[in-house]
Amino acid sequence: ATATAHPAPAPADSSASAPSLPRLHRDFLPGRVLGRGAFGVVVAARSRAAPQDEFAIKVVAWPADVDAAALAEVRALASMPPSDDLLRYYGAWVEAGGDW
């Protein structure tokens with residue numbers, strides 16, 4: 001499953017050509033790993049729809065039974081006011097599969 005702490009633009013119309021790919025690969029061009037932590041990895045990426053837009057996407061392996069408590073970080077990021085000291089939060093998604 002994947003959660004994003006940064007831009008999640010409207011999906012590009014690539015799902016018809018690659019429906020089995022995770023959204024990270026359908027909608028973004030993943031780049032280098034920016035960091036790793038106890039809960040996941042942060043990857044640099046560009047939007048396939050607008051390659052000039054750069055993103056930092058946090059990929060987290062969630063248990064199969066994701067519940068509201070597991071999404072606490074997503075909710076906290078969503079509630080943060082704009083700040084020059086924080087990255088902007090755009091959205092999150094959850095999907096089956098562990099390979100990104």
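Everything numeric in this text was worked out from a predicted model, so none of it was measured.
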Determine whether a donor-acceptor pair (N or O, by modelled atom type, separation under 3.5 Å) exists between the side chain of R26 and the backbone of L21.
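Pair found, side chain donor or acceptor close to backbone of L21.
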
Would you check if the side chain of R48 reaches a backbone N or O of F28 as a donor-acceptor pair within less than 3.5 Å?
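Answer holds: yes.
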
Atom pair CZ/CE of R88 and M80 - distance to nearest 0.5 Å:
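That separation rounds to 14.5 Å.
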
Testing the basics here: between [X] and [Y], what is the closest heavy-atom pair and its distance to 0.1 Å?
X: L34; Y: A56; answer: CD1-CB, 4.0 Å
X: S47; Y: A50; answer: OG-N, 3.1 Å
X: G31; Y: V43; answer: O-CG1, 3.6 Å
X: A45; Y: I57; answer: CB-CD1, 3.9 Å

So if you build clusters from Ile, Leu, Val, Met, Phe, Trp, Tyr with side-chain heavy-atom gaps below 4.5 Å, do V33 and F55 land together?
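Yes, V33 and F55 fall within the same hydrophobic cluster.
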
Could you check if a side-chain atom of V41 sits within less than 4.5 angstrom of a side-chain atom of R36, using non-hydrogen atoms only?
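They are in side-chain contact.
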
